[in-house]
Engineer: 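Quick one: this structure, given as structure tokens, is what I'll be asking you about.
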Amino acid sequence: MNAGEAAVALDRVAVTLGERPVLREVSFRLEAEQFCALIGTNGSGKTTLLRAILGFIPVQAGRIDLPAGAIGYVPQKITLDPGLPLRARDVIALGLDGARFGTRLPSKARAVRVQEMLRAVGAEEFAEQRVGTLSGGQQQRVLLAHALVRRPKLLLLDEPLANLDVGSTAEIVALLRRLSHEFGAAVLLSAHDMNPLLPVVDRIVYLANGCAVSGKADEVVRTEVLSRLYGYHVDVLRVHGRVVVIAAGARTESRDALERDPVHTITVP
Amino acid sequence: MDSICTWGHMGGFWCNQPVRVALAVGGGAALVCAVVGLSTVMRRQAFAGHALADVSGAGGSASYLLGINPLFGFLGMAAAAAGVMEWAQVREARERDLLTGVVLGAGLGLAALLLYLDMTVRNVSGAAITVLFGSMFTIPPSIVPVALIVAAAALGASALIFRPLLVSTLSIDLARAQGARVRTIARIHAMALALAVSLAAMTVGAILSTALLIGPAAAALQVARRPASALALAVLIGLAATWGGIALAYQSYYWTPGRGWPVSFFIVMLIVCAYLLASAVARRRSGSSATAPLSGCQEH
Ligand SMILES: Nc1ncnc2c1ncn2[C@@H]1O[C@H](COP(=O)(O)OP(=O)(O)OP(=O)(O)O)[C@@H](O)[C@H]1O
Ligand SMILES: [Mg+2]
């Protein structure tokens, strides 16, 4: 870790899964307390990138610099067993020291911290319920609290907005932005729909073709920048205050993906 | 202590040496099985637990041939099977089940051979019943100290991995992100499981030890909402069923003069009763919470 402010810095990172080079050369840097969206179509490698940062999968080349201490993480796919005897409150408490060996007697200080987290994410109402029996959005809040309770300097959220309705999406986005300020954590949040995020993000990392561009939204989401990233011509259109990225060029695999999933409907503030 | 020996025929119960051994070894086995069984059920490894218990029967059978303490026989075989299953590093649930099935088949096949040899070579006629279904009143007192050490080791291991095991049961990824050593934890758990099933096999037999391992935990999980209460309830059910079963079996000598029924039968029946009771409580609870909000939907 260098002495700078970076919450995470990637330098020419390459990751191969099986035979497939998923990330070819990804570099970007996230400063402390920045709120950043990781954008890309399905299969572009967002989850792979986050798992590489966490050290779950090895990198073939390049380096990843991380701050000392805890990293908060909420995975993309997580099914919480309704049969587990764990209340929302217990799950958050496990975020404090769940990795440590040995048992521990309950303490007042821990209970207070858990209660603070429950309040921060708005989960007091269902604190006593078994976590597996909560709704998707409620579980998302509990997992967020689990990730934040150790006050990490970096929070990695994999598609936290998937499966949320419009109202809940706006609520969670506002909550994330507020918590990032409150806890002084840099946030790297993956999504394939940028719309709800654009009003609040400091920057975006746009992933395509195994490479990434990063910067402010209006620096990245431009015809020439994205065309260079995709390796063929794409149009960034502004329609009714929204930005739409449309493929228009040679048929390639990733172009198909973009046509199948034209989710890059981006509202520029 | 010995003054209670004069309390009617239950006085005889407390002062009877085989009964005391059964209470000590059975109590230890019930306690350990409740604790280890709870994490086993939560990790959805009930089948692996059952397989280890059955396979340990081959070790129990071998102990008669080798002339060693049967607990060491059960333990050696269960530990070897747990080692094979854990170190094979199978991740996917389906493949894990297949491997478990293969290990189970191999272990039972071996047990069949060893039991045959016990009966033909060593002339131990009751070996099959004792190994497979237990015979608590014939446990030699020399086993008590060894059993207590095994129990303490299993409980120590369970306490050590209690928290990280909970997190990795919730999600392996969450545990790894927190820095938990998930493989080490899984291996320690597998060894605790081997210790637990060998103790259970010693008391209720290799085949029935599944009941002691899975039953109390499954019953507790139906009603408990937090880890500590699930643990307490599982231990309570396990101990009550085991000690209650021993008392009933002792009583049964008076119902059918001179020919008491097997302890294992009573223990397993009491566990089944506890499970049914817990199911009823859980159903009542969810029933009462489900009907309230629905009734409001009828009025438009
Ligand atoms: N274990 C694996 N072995 C081989 N290839 C894999 C493996 N896991 C993922 N991949 C491939 O890597 C690519 C990137 O997958 P990844 O899950 O990172 O995408 P993603 O951007 O998170 O997609 P989504 O938006 O659908 O979550 C995909 O093409 C996928 O097929
Ligand atoms: Mg993904």
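Residue numbering restarts at 1 for every chain, and letters A, B, ... go by the order of the sequence lines.
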Engineer: Side chain, backbone, both or neither: which part of B:I185 has a heavy atom under 4.5 Å from chain A?
Structural biologist: side chain

Engineer: Return the option, out of A:L80, A:L84, A:D90, with the maximum number of heavy-atom pairs under 4.5 Å with chain B.
Structural biologist: A:L84

Engineer: Select one option (side chain, backbone, both, neither) describing which atoms of A:I71 are under 4.5 Å from chain B's heavy atoms.
Structural biologist: backbone

Engineer: Where do B:A177 and A:L54 come nearest, in terms of heavy atoms and distance?
Structural biologist: CB-CD2, 4.1 Å

Engineer: For the CZ atom on B:R225, are there more than 12 heavy atoms of other groups (residues, nucleotides or ligands in this structure) within a distance under 6.0 Å?
Structural biologist: no

Engineer: Just so I understand: if I count every heavy-atom pair under 4.5 Å between each of B:L170, B:V41, B:L165, B:V223 and chain A, which residue has the most?
Structural biologist: B:L170

Engineer: Inspect the contact between B:R44 and A:D81 and indicate whether a charged nitrogen and a carboxylate oxygen are less than 4.0 angstrom apart.
Structural biologist: yes

Engineer: Looking only at heavy atoms and a cut-off of under 4.5 Å, which of B:A230, B:A180, B:S171, B:P227 has the most pairs with chain A?
Structural biologist: B:P227

Engineer: Using 4.0 Å as the upper bound for N to carboxylate O, is an ion pair formed by A:R51 and B:D173?
Structural biologist: yes

Engineer: With only heavy atoms counted, which part of A:L86 is less than 4.5 Å from chain B, the side chain, the backbone, both or neither?
Structural biologist: both

Engineer: Would you say CZ of A:R12 has more than 12 non-hydrogen atoms from neighbouring residues, nucleotides or ligands within 6.0 angstrom?
Structural biologist: no

Engineer: Could you have a look at A:P75, A:G83, A:G102 and say which one has the most heavy-atom pairs with chain B under 4.5 angstrom?
Structural biologist: A:G102

Engineer: Within 45° of the six-membered ring axis of A:F101 and under 6.0 Å from that ring's centre, is NZ or CZ of B:R163 located there?
Structural biologist: no

Engineer: Stepwise, does the side chain to side chain contact (heavy atoms under 4.5 Å, CB included) test hold for A:T103 with B:L160?
Structural biologist: CA-CA 7 Å; A:T103 50; B:L160 185 71; over 6 Å; no

Engineer: Pull out the residues in residues 130-156 of chain A that come under 4.5 Å of chain B, heavy atom to heavy atom, sorted by number.
Structural biologist: A:R130, A:V131, A:L143, A:H146, A:R150

Engineer: So which heavy atom on B:A224 is nearest to which on A:P85, and how close?
Structural biologist: O-CB, 3.9 Å

Engineer: May I ask you to check whether over 12 heavy atoms, not counting those of B:R43, lie within 6.0 Å of atom CZ?
Structural biologist: yes

Engineer: Taking every heavy-atom pair that is under 4.5 Å apart, which of A:G55, A:G98, A:A70, A:G72 has the most such pairs with chain B?
Structural biologist: A:G98

Engineer: Chain A heavy atoms under 4.5 Å from B:T169: which part of the residue, side chain, backbone, both or neither?
Structural biologist: both

Engineer: Does B:R181 have more than 12 heavy atoms from other residues, nucleotides or ligands lying within 6.0 Å of its CZ?
Structural biologist: no

Engineer: Take a 6.0 Å sphere around CZ of A:R100 and say whether it holds more than 12 heavy atoms from other residues, nucleotides or ligands.
Structural biologist: no

Engineer: Could you pull out the closest heavy-atom pair between B:Q178 and A:G95, with the gap in Å?
Structural biologist: NE2-O, 3.3 Å

